[in-house]
Amino acid sequence: MKSGIHPAYGPVVFRDSASDHAFLTRSTMTSEKTIEWEDGNTYPVVDVEISSVSHPFYTGTARVLDTAGRVERFERRYGAR
């Protein structure tokens with residue numbers, strides 16, 4: 001890789017504001033805010049609104065659409081033309 005053209009890639013804490021869950025990973029994102037992690041080190045923290053902990057698809061609270069009922073309702077409304 002060429003030196004000097006790639007962003008810094010290092011450890012970052014992502015904190016979910018909806019569920020107050022945080023996880024440490026590596027990223028190119030940066031932040032002025034820092035947090036002391038469980039290992040005693042200080043890392044930049046990025047606040048996110050939603051993550052896999054609070055997203056309805058991953059938590060099992062997602063709505064399931066009744067596609068068969070929607071098709072039948074469409075056919076009743078507009079008929080088989």
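Numbering of residues begins at 1 and proceeds along the displayed sequence.
- Tracing side-chain contacts under 4.5 Å through hydrophobic residues (I, L, V, M, F, W, Y), one reaches Met29 starting from Phe23; they form part of the same cluster.
- Formation of a donor-acceptor pair under 3.5 Å by the Ser31 side chain with backbone atoms of Val45 is found in this model.
- For the atom pair CD1 of Ile35 and OG1 of Thr42, the computed distance is 9.5 Å after rounding to the nearest 0.5 Å.
- Under a cut-off of 6.0 angstrom, the local environment of CG in Asp39 is crowded, with over 12 non-hydrogen atoms contributed by other residues, nucleotides or ligands.
- A heavy-atom distance below 4.5 Å is not found between the side chains of Trp37 and Pro11.
- Listed for the Thr34 side chain is no donor-acceptor partner under 3.5 Å among the backbone atoms of Pro44.
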